[in-house]
**Q** 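Sending over a structure as C-alpha cells; questions will come in a sec.
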Amino acid sequence: MDYDGRLKGFQAHGIGLEIAPYFNPTLKRPDFNVHYTDYIGNDEIAAKAAENPTAGGREIPKIDYIWEPGVPLKLCAPAAMMYDYALASHVMEHVPNPIGWLNEILETMRVGAQLRLVLPDKRRNNDYFRSETTFAQVVAYWLDRPPVPTPHQVCDFLSASLDDRLRNGFDEKGIPKNLVRTYTDAEAVDFAEFVYNERQYIDVHCTVWSPSHFEAVMRRVAELGILNADINIVSETPLEFVVDLTKRGEPTRLPSQKRDEWSARCTAEPLRKSLATILRFPLAKRGAKIFTKRLKLL
C-alpha cells in the first residue's frame, strides 16, 4: 500500500505522533506537524540505518524523544501533551501486550483523536499458517503485561511461520506457492526456552490478524471498557490493512496490579541488553525496517 492509501481519510490536523518511524516515516515533515518517538535514540537509529542497504540515500528523521522501555508514554512525551492524531505502521504486531500498548498511546491523545494502525494481513505474509490471535489471548496479555514476547509467542511464530521472502509468493487463490520454513521445531523450542530463562527480547510477530478478525476482537475488548475507542477498518490490500481507533475516553476497566512471576522477572534492564537480539530471517538480513525498529514493550 502506498502512502496515500495509508493516509486515506486520516484526520491529521493539529499536532500528531508517529511511533517508530525509523528511516521511512509515513507522516513526513514538513507536510505534517508531527513528533517522532522510538525506543532507541538518534545516534543508534543512525548507526542501524547506516548498516541497512534499504536506507541508502535517505534522510534519517530525528526523533523528538525516546519511549523508554517500561516507562509509560505519557511520562516520556512533553509535559501535558495531548496529541490530535497518531500513527504506527507495522509496529503493533511486534508488541507482546497490544491492548496495554494501545492504551498508553491513547492516554496521550485528546478525546475524538484518531490513532491509525497499519498492520500486515496474515493471509498474504509469513503468518499464513498461524492461528489468528483470540479475544482470550489479548485479554490474557493485558492482564499479564509481558514486557518481552512470551515463550508461547516466540515458539508459535518460529514453529509455524513461512520464509518471509515468500510474502509475494502466492497464487491467484491466495495459496503459498512454496512452503519453506525458516526454523525447525527444535529451534523454535530452543528460542522459547531462551526467552523463558533469560527474559530477553526476541523480535517476532506476537499477534496475528486479518482485517475482519481484528475488528471483531477489538470491538469485544472495547465493549468491556478495556479499550475505550471506536474501531473502523479503513482499507485493505493483499499485504496489509489500515484501521482507525477513535478515542472515546479513558478505559473504564484496568488490569490488576498483580503480575505473574515470569512477567515480574522481566525487568527493563535485561530488556535493554537484549535489544540487539535479531532473528536470522532473510528479511532481517536485508535490513528491512520491520526487524530494525525497536518496539515498546509493556
**Q** Taking only residues two or more places apart in sequence or in another chain, which ones pass side chain to side chain donor-acceptor pair (under 3.5 Å) with Glu250?
**A** Lys247
**Q** Examine distances only and state if a side-chain atom of Glu236 and a backbone atom of Pro211 form a donor-acceptor pair shorter than 3.5 Å.
**A**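 Not at all, since once roles are kept as given, no pair shorter than 3.5 Å links the two residues.
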**Q** Quick check: closest heavy atoms across Leu119 and Val243, and the distance to 0.1 Å?
**A** CD1-CG1, 4.3 Å
**Q** Any heavy-atom pair between the side chains of Phe194 and Ile202 that's under 4.5 Å?
**A** yes
**Q** Quick check: do Leu7 and Leu27 have side-chain heavy atoms less than 4.5 Å from each other?
**A** yes
**Q** Should Tyr141 and Pro98 count as side-chain neighbours, where that means a heavy-atom distance under 4.5 Å?
**A** yes
**Q** Under 3.5 Å, is there a donor-acceptor pair linking the side chains of Arg248 and Asn228?
**A** yes
**Q** Say whether, by atom type as modelled, one donor and one acceptor occur between the side chain of Glu187 and the main chain of Thr184 under 3.5 angstrom.
**A** yes
**Q** Could you give the distance from CG (Leu87) to CG (Leu17), rounded to the nearest 0.5 Å?
**A**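 The CG atom of Leu87 sits 9.0 Å away from the CG atom of Leu17.
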**Q** In sequence, state the C-alpha distance, the side-chain angles, and the governing distance for Lys48 and Tyr22, and then conclude on side chain to side chain contact (heavy atoms under 4.5 Å, CB included).
**A** CA-CA 9 Å; Lys48 297 293 183 184; Tyr22 191 34; 3.6 Å; yes
**Q** Would you say Met81 ends up clustered with Leu106 if hydrophobic residues are merged whenever their side chains have heavy atoms under 4.5 Å apart, either directly or through other cluster members?
**A**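 Same cluster: Leu106 reaches Met81 through Ile, Leu, Val, Met, Phe, Trp or Tyr contacts under 4.5 Å.
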**Q** Locate the shortest heavy-atom distance separating Val91 from Ala20; write the atom from each residue and the value.
**A**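 Shortest heavy-atom contact: CG2-CB, 4.1 Å.
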**Q** Does the side chain of Leu102 come within less than 4.5 Å of Val95's, by heavy atoms?
**A**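 When only atoms from C-beta onward are counted, Leu102 and Val95 do not touch, as no gap falls below 4.5 Å.
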**Q** With a distance cut-off below 6.0 Å to the six-membered ring centre and an angular limit of 45° from the axis, does Arg58 pair with Phe23 as a cation-pi contact?
**A** no
**Q** Measure the shortest side-chain to side-chain distance between Thr37 and Ile66 over non-hydrogen atoms and say whether it is less than 4.5 angstrom.
**A**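 No, every pair of side-chain atoms sits at 4.5 Å or beyond.
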**Q** Between Phe32 and Met82, is there a shared hydrophobic cluster once you connect ILVMFWY residues whose side-chain heavy atoms come closer than 4.5 Å?
**A** no
**Q** If you measure from CG on Asp127 to OG on Ser161, what distance do you get to the nearest 0.5 Å?
**A** 7.0 Å
**Q** Is Trp209 reachable from Ile233 through a run of I, L, V, M, F, W or Y residues, each pair having side-chain heavy atoms under 4.5 Å apart?
**A** yes
**Q** Give the minimum heavy-atom separation between Arg199 and Val148, together with the two atoms involved.
**A** O-CG1, 4.0 Å
**Q** Is any NZ, NE, NH1 or NH2 atom of the basic residue among Glu93 and Lys122 found under 4.0 Å from an Asp or Glu carboxylate oxygen of the other?
**A**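 Lys122 and Glu93: not salt-bridged.
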**Q** With the threshold set at 4.0 Å, does a side-chain nitrogen-carboxylate oxygen contact exist between Asp121 and Arg124?
**A** no
**Q** Return the minimal non-hydrogen interatomic distance between Pro151 and Ala192, and the atom names on each side.
**A**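 Distance-wise, the nearest heavy atoms are O-CB, 3.5 Å.
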**Q** If you round to the nearest 0.5 Å, how far is SG of Cys206 from CE of Met92?
**A**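 That separation rounds to 10.0 Å.
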**Q** I'd like to check Ile60 versus Ile45 (side-chain heavy atoms, cut-off strictly below 4.5 Å). Are they in contact?
**A**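 A side-chain contact exists here, since the closest heavy-atom pair is under 4.5 Å.
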**Q** Is it the case that one hydrophobic cluster holds both Leu254 and Leu227, taking links as side-chain heavy atoms less than 4.5 Å apart, direct or via other members?
**A**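 No, no single cluster joins them.
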**Q** Determine the minimum heavy-atom distance between Ser256 and Leu143, stating which atoms define it.
**A**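 Where Ser256 meets Leu143 most closely, the heavy atoms are N-CD2, 4.4 Å.
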**Q** Report yes or no: does Glu104 contribute a side-chain atom to a donor-acceptor pair with the main-chain N or O of Leu73 at less than 3.5 Å?
**A** yes
**Q** Give me the atom names and distance for the closest heavy-atom approach of Trp67 to Pro72.
**A**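 Here Trp67 and Pro72 meet closest at NE1-C, 3.9 Å.
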**Q** Within the distance-only criterion (no hydrogens, no angle test), does the side chain of Gln114 pair as donor or acceptor with the backbone N or O of Asp244 below 3.5 angstrom?
**A**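 Looks like no, no N/O pair under 3.5 Å.
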**Q** To the nearest 0.5 Å, what is the distance between CE (Met218) and CG (Asn232)?
**A**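 Spacing of CE (Met218) from CG (Asn232) equals 14.5 Å.
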**Q** State, with a plain yes or no, whether a side-chain heavy atom of Tyr183 is found less than 4.5 Å away from one of Ser159.
**A** no
**Q** Tell me whether the rings of Phe157 and His205 are parallel (<30°), tilted (30 to 60°) or perpendicular (>60°).
**A** tilted
**Q** Where do Arg116 and Val234 land on the side chain to side chain contact (heavy atoms under 4.5 Å, CB included) test, with the steps shown first?
**A** CA-CA 9 Å; Arg116 174 152 295 191; Val234 177; 3.5 Å; yes
**Q** Under the 3.5 angstrom rule, does the side chain of Arg219 hit a backbone N or O of Ile231 as a donor-acceptor pair?
**A**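 Yes, because the side chain of Arg219 sits within donor-acceptor range (under 3.5 Å) of the backbone of Ile231.
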**Q** Quick one: NZ on Lys74 to CE on Met109, what's the gap to the nearest 0.5 Å?
**A**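 Here the rounded value is 14.0 Å.
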**Q** Please check this pair: side chain of His35 against backbone of Ile19, looking for a donor-acceptor N/O pair closer than 3.5 Å.
**A** no
**Q** Count the heavy atoms of every other residue, nucleotide or ligand shown that sit under 6.0 Å from CG of Asp43, and state whether that count exceeds 12.
**A**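 No, the 6.0 Å shell around CG holds no more than 12 heavy atoms from other groups.
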**Q** Is there a side-chain contact between Leu115 and Leu117, using heavy atoms and a 4.5 Å cut-off?
**A** yes
**Q** For Tyr201 and Asp203, does a side-chain donor sit closer than 3.5 Å to a side-chain acceptor?
**A** yes
**Q** Report yes or no: does Gln11 contribute a side-chain atom to a donor-acceptor pair with the main-chain N or O of Gly9 at less than 3.5 Å?
**A** yes
**Q** To the nearest 0.5 Å, what is the distance between CD (Gln153) and NE2 (His94)?
**A**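 Between atom CD of Gln153 and atom NE2 of His94 there are 12.0 Å.
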**Q** Check for me, please, whether Val189 and Val154 land in the same ILVMFWY cluster - side-chain distances under 4.5 Å, paths through other members count.
**A**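 As far as the 4.5 Å side-chain criterion goes, Val154 and Val189 are not connected within one cluster.
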**Q** So, does Asp64 use its side chain to make a donor-acceptor pair with the main chain of Tyr36 at under 3.5 Å?
**A**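 Yes, the answer is positive, given that a donor and an acceptor are paired below the 3.5 Å cut-off.
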**Q** Whether the Asp84 and His13 side chains hold a donor-acceptor pair (N or O, under 3.5 Å, no angle test) is what I'd like checked.
**A** no
**Q** Is the number of heavy atoms from other residues, nucleotides or ligands under 6.0 Å of Arg110 CZ greater than 12?
**A** yes
**Q** Working note: Val208 + Tyr128, criterion side chain to side chain contact (heavy atoms under 4.5 Å, CB included); need CA distance, chi angles, decisive distance, verdict.
**A** CA-CA 9 Å; Val208 181; Tyr128 181 86; over 6 Å; no
**Q** Output yes when a side-chain donor or acceptor of Glu215 lies under 3.5 Å from a complementary backbone atom of Ser212, and no otherwise.
**A**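 Pair absent, no side-chain N/O of Glu215 close to backbone of Ser212.
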**Q** In sequence, state the C-alpha distance, the side-chain angles, and the governing distance for Ile105 and Tyr83, and then conclude on side chain to side chain contact (heavy atoms under 4.5 Å, CB included).
**A** CA-CA 9 Å; Ile105 298 170; Tyr83 290 108; over 6 Å; no
**Q** Please confirm whether the backbone N or O of Ala229 pairs with a side-chain atom of Thr246, one donor and one acceptor, at under 3.5 Å?
**A**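 Pair absent, no side-chain N/O of Thr246 close to backbone of Ala229.
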